Amino acid sequence: MMHKGRMEAFSDGVFAIIITIMVLELKVPHGGDDLKALIPVIPVFISYILSFIYVGIYWNNHHHMLQAAKSVNGRILWANLHLLFWLSLIPFVTAWMGENHFSQWPIALYGFIMVMNAFAYSLLSNSLIKHEGENSNLSKAIGIGSKGMISVALYLIAIALSMVNSWISFALYVLVAIIWFIPDSRIEKGLAEEK
């Protein structure tokens with residue numbers, strides 16, 4: 001059995017770096033010192049806000065899930081690295097989407113990265129449940145994640161619709177963020193019952 005502390009600390013560091021990279025993509029406009037100079041960077045800023053919320057949601061749920069776990073193993077470490085890999089691509093697709101004013105291919109790739117993040121998070125949670133046991137509080141708390149299945153379905157619809165209307169796709173990404181904005185309370189309830 002390995003203690004989970006190092007994995008949590010490493011993950012928190014990666015989350016912080018991802019947010020730092022995203023904010024560094026926000027370039028100061030050099031076309032003047034009035035509010036009109038900010039107009040060209042509005043799409044980049046909007047994509048930053050959406051991605052910041054997504055990274056925050058993943059960090060929040062990752063934190064809650066690991067609070068319910070007692071320890072980790074090698075499989076969990078690799079599943080966590082797999083999640084961090086896909087999360088680390090968010091700054092790239094965020095910048096590409098914002099700089100190209102939410103055009104079809106950047107919007108589609110953003111959705112693909114979100115699907116892969118959802119898959120990687122599911123793989124991590126399943127690895128933790130397998131390690132903790134089917135009757136563990138973590139297993140009971142996570143259960144069947146209908147929000148996760150709905151999210152993946154919305155991402156896939158958004159990817160398909162990106163070739164028709166990228167703004168509908170963007171709206172679906174916002175909808176998924178709204179669905180997940182409030183942290184999943186099942187884990188907190190499970191931890192409270194454990195005490």
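Side chains included, hydrogens not; waters and symmetry mates left out as well; all remaining heavy atoms used. What you are looking at is a predicted structure, and each value in this text was computed from that prediction instead of being measured.
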Taking the side chain from Asn73 and the backbone from Arg75, do they hold a donor-acceptor pair closer than 3.5 Å? yes

Under the side-chain hydrogen bond (donor to acceptor under 3.5 Å, both in side chains) test, residues paired with Ser166 that sit two or more places apart: none

Does a donor on one side chain and an acceptor on the other come within less than 3.5 Å for Ser71 and His131? yes

Looking at residues at least two apart in the chain, or sitting in another chain, which of them share a side-chain contact (heavy atoms from CB on, under 4.5 Å) with Ala177? Leu50, Ile53, Tyr54, Ile57

For the rings on Trp59 and His63, is their centre-to-centre separation under 6.0 Å? yes

Please name the residue in the list His101, Met97, Lys27, Glu99 that meets the side-chain contact (heavy atoms from CB on, under 4.5 Å) test with Val44. Glu99

Is there a donor-acceptor pair closer than 3.5 Å between any side-chain N or O of Tyr173 and the backbone N or O of Gly111? yes

Kindly indicate, with the supporting measurements, whether the criterion side chain to side chain contact (heavy atoms under 4.5 Å, CB included) is fulfilled by Tyr110 and Tyr155. CA-CA 9 Å; Tyr110 190 87; Tyr155 289 143; over 6 Å; no

I'd like to know if the side chain of Asn126 reaches the main chain of Ser122, judged simply by a donor and an acceptor atom lying under 3.5 Å from each other, with no hydrogens or angles considered. yes

Check whether Leu89 and Ile21 end up in the same hydrophobic cluster, where Ile, Leu, Val, Met, Phe, Trp and Tyr are linked by side-chain heavy atoms less than 4.5 Å apart. no

Within one Ile-Leu-Val-Met-Phe-Trp-Tyr cluster: Trp180 and Val152, side-chain cutoff 4.5 Å: yes

Return yes if a side-chain donor-acceptor contact under 3.5 Å exists between His82 and Trp86, otherwise no. yes

Main chain of Gly98, side chain of Tyr48: is a donor-acceptor contact present, judged purely on distance under 3.5 Å? no

Please confirm whether His62 and Phe15 have ring centers closer than 6.0 angstrom. yes

Can you establish whether the number of heavy atoms outside Leu24 located under 6.0 Å from its atom CG is more than 12? yes

Heavy-atom pair with the smallest gap, counting every atom of Ser51 and Met22: CB-SD, 3.5 Å

Indicate whether any N or O donor in one side chain lies under 3.5 Å from an N or O acceptor in the other, for Ser162 and Ser169. no

Check: Glu132 side chain, Lys70 main-chain N or O, donor-acceptor pair, under 3.5 Å: yes

With rounding to the nearest 0.5 Å, note down the distance linking CD1 in Ile76 to CG in Leu128. 4.5 Å

With sequence neighbours excluded, residues passing side-chain hydrogen bond (donor to acceptor under 3.5 Å, both in side chains) with Ser47: none

For Trp105, does the CH2 atom sit with more than 12 other heavy atoms under 6.0 Å from it, leaving out its own atoms? no

